[in-house]
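Residue numbering restarts at 1 for every chain, and letters A, B, ... go by the order of the sequence lines.
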2 protein chains.
Amino acid sequence: MHTRKAPIEPRDRLADTLYAKFFSGLADETRLRIVRYLLEGPHTAGEIVTELGMSQSRISNQLSCLKWCGYVYAERHGRNVMYRIASPAIGELLSTAQRLVAANACAIAECTQLA
Amino acid sequence: MHTRKAPIEPRDRLADTLYAKFFSGLADETRLRIVRYLLEGPHTAGEIVTELGMSQSRISNQLSCLKWCGYVYAERHGRNVMYRIASPAIGELLSTAQRLVAANACAIAECTQLA
DNA sequence: ACATAATATCATTGATTTATGTTATGTCAA
DNA sequence: TTGACATAACATAAATCAATGATATTATGT
């Protein structure tokens, strides 16, 4: 028999560190806004700055953070840099989250505990 | 025609705040370890304490945090409290993340930028 | 070659949040 | 009363975000 296709890797702390870091990419309102904006289609850095109304420096930093984590990638077009979502799996991630959040929005909003 | 089933909600800042909060539930190594442990099956609070080797208080706090965000739910059994993953969608979330992280592990590990 | 637009990067600072430790107490249920 | 857990009250250290502003990079227009 073949080994069964595991839906989830065996636990190990190294991986957990990595995943935590990965998820922290989305654990910030600004970055989430960028990601959701890009889910509507590619945009240049400048467009993102305008859309979110934040400083160029701030957006640029968050973009490079999203790049590190593999959420987006960048392509130079002339003097502009076009950003796009790196994989359709990111849309899935968000829509799965939506279902979970929808079932629980009030609890999350009210959460005063740690985290 | 029916309205097309939207895979992603229209952007709005309130939702972004909520999602960011939701994702921050997984943006912590300890909580991730708990979630992954529970993906293997339900466990009592005490078992989790033992498995992770952390203080009861610390685990309990993180558990209630995970409860707020809707990742797990708790059921009393005698003097024990049994925790289980709240929805299979959480497994999906993790396995989608796995694919994304796998494609990018080194970059994430090396990330020194903000976030 | 030079000026400039678009973007990235860097340093500094400060505010805020978060995680954690510790310790104590409260609550159920056996 | 004790075992299993939750909750609270601090204190503290560390991480994170952001504001600001300077500088670097790259491409374009002149």
Side-chain angles (χ1 to χ4, degrees), chain A residues 13 16-17 20-35 38 42-69 72-84 107-115, chain B residues 13 16-17 20-35 38 42-69 72-84 107-115:
Chain A
R13 292 201 52 174
D16 286 325
T17 307
K21 214 164 170 185
F22 174 74
F23 280 118
S24 75
L26 296 182
D28 174 84
E29 189 182 334
T30 301
R31 288 190 296 268
L32 211 42
R33 288 178 70 191
I34 295 175
V35 167
L38 291 178
H43 289 286
T44 66
E47 286 170 335
I48 299 172
V49 169
T50 304
E51 171 73 17
L52 301 205
M54 294 171 176
S55 79
Q56 184 258 322
S57 166
R58 178 173 169 185
I59 293 292
S60 186
N61 275 326
Q62 299 293 33
L63 280 172
S64 74
C65 169
L66 289 170
K67 230 188 318 180
W68 276 111
C69 285
V72 305
Y73 67 87
E75 240 175 43
R76 179 141 228 146
H77 279 82
R79 15 186 174 197
N80 297 322
V81 176
M82 185 72 89
Y83 281 87
R84 67 183 73 239
I108 299 175
E110 280 165 14
C111 173
T112 54
Q113 296 289 111
L114 315 179
Chain B
R13 291 201 52 174
D16 286 324
T17 306
K21 214 165 171 186
F22 174 76
F23 280 117
S24 75
L26 295 182
D28 174 84
E29 189 181 335
T30 301
R31 288 191 296 268
L32 210 43
R33 288 179 71 193
I34 295 174
V35 167
L38 291 177
H43 289 287
T44 66
E47 286 171 335
I48 299 171
V49 168
T50 304
E51 172 72 17
L52 301 205
M54 294 170 175
S55 78
Q56 183 258 320
S57 165
R58 177 172 170 188
I59 294 292
S60 187
N61 276 327
Q62 300 292 33
L63 280 172
S64 74
C65 170
L66 289 170
K67 230 188 319 180
W68 276 112
C69 285
V72 305
Y73 67 85
E75 240 176 43
R76 178 144 228 145
H77 280 80
R79 13 188 175 195
N80 298 321
V81 177
M82 185 72 88
Y83 281 88
R84 68 184 74 237
I108 299 176
E110 280 165 13
C111 174
T112 53
Q113 297 286 112
L114 313 179

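- Look at A/Ser55 and you won't find any side-chain N or O under 4.0 angstrom from OP1 or OP2 of D/dA18.
- Here A/Asn61 does not reach the OP1 or OP2 of C/dA8: none of its side-chain N or O atoms lies under 4.0 Å away.
- Summarising the geometry, the separation between CE on A/Met82 and P on C/dA8 is reported as 13 Å, rounded to the nearest angstrom.
- Distance, A/Arg76 CZ to C/dA5 P: 15 Å, rounded to whole Å.
- Taking atom CD of residue A/Gln62 and atom P of nucleotide C/dT7, one finds them 17 Å apart after rounding to whole Å.
- The nearest whole Å value for the distance from the CD atom in B/Glu75 to the P atom in C/dA29 is 14 Å.
- The side chain of B/Tyr83 contributes an N or O atom lying less than 4.0 Å from OP1 or OP2 of D/dA6.
- Taking atom CE of B/Met54 as the reference point, atom C1' of C/dG21 lies 13 Å away to the nearest angstrom.
- Residue B/Val81 places its side chain closer to D/dA6 than to any other of D/dA6, C/dA8, D/dG29.
- Side-chain N/O atoms of A/Asn80 include one lying less than 4.0 angstrom from OP1 or OP2 on C/dT7.
- If you measure from atom NZ of A/Lys21 to atom P of D/dA15, you get 11 Å, rounded to the nearest angstrom.
- Judged by distance alone, with hydrogens and angles left aside, the side-chain atoms of B/Ser60 form no donor-acceptor pair with the main-chain N or O of B/Ser57 at under 3.5 Å.
- A straight line from CD1 of B/Ile59 to C1' of C/dT20 spans 12 Å, rounded to a whole angstrom.
- Comparing C/dT23, C/dA30, D/dA6 by their nearest atom to the side chain of B/Ser57 picks out C/dT23.
- For B/Arg79, taking side-chain heavy atoms from C-beta onward, the closest of the listed nucleotides D/dA18, C/dA30, D/dC5 is C/dA30.
- Close to C/dT20, at under 4.0 Å from its OP1 or OP2, lies a side-chain N or O of B/Arg58.
- Of the listed nucleotides (C/dT20, D/dA6, C/dT7), C/dT20 has the atom at the smallest distance from the side chain of B/Asp28.
- In this structure, CD of A/Gln56 is placed 14 Å from P of D/dG21, rounded to the nearest angstrom.
- Between B/Leu66 and the choices B/Val72, B/Leu32, B/Asn61, the side chain to side chain contact (heavy atoms under 4.5 Å, CB included) rule is met once, by B/Val72.
- Between atom OH of residue A/Tyr73 and atom CZ of residue A/Arg84 there is a gap of 5.0 Å, rounded to the nearest 0.5 Å.
- Listed pair B/Thr30 / C/dT20 meets the phosphate criterion, a side-chain N or O lying under 4.0 Å from OP1 or OP2.
- Formation of a donor-acceptor pair under 3.5 Å by the B/Arg31 side chain with backbone atoms of B/Gln62 is not found in this model.
- The backbone N or O of A/Val35 lies less than 3.5 Å from no partner atom in the side chain of A/Arg33, so there is not a single donor-acceptor pair.
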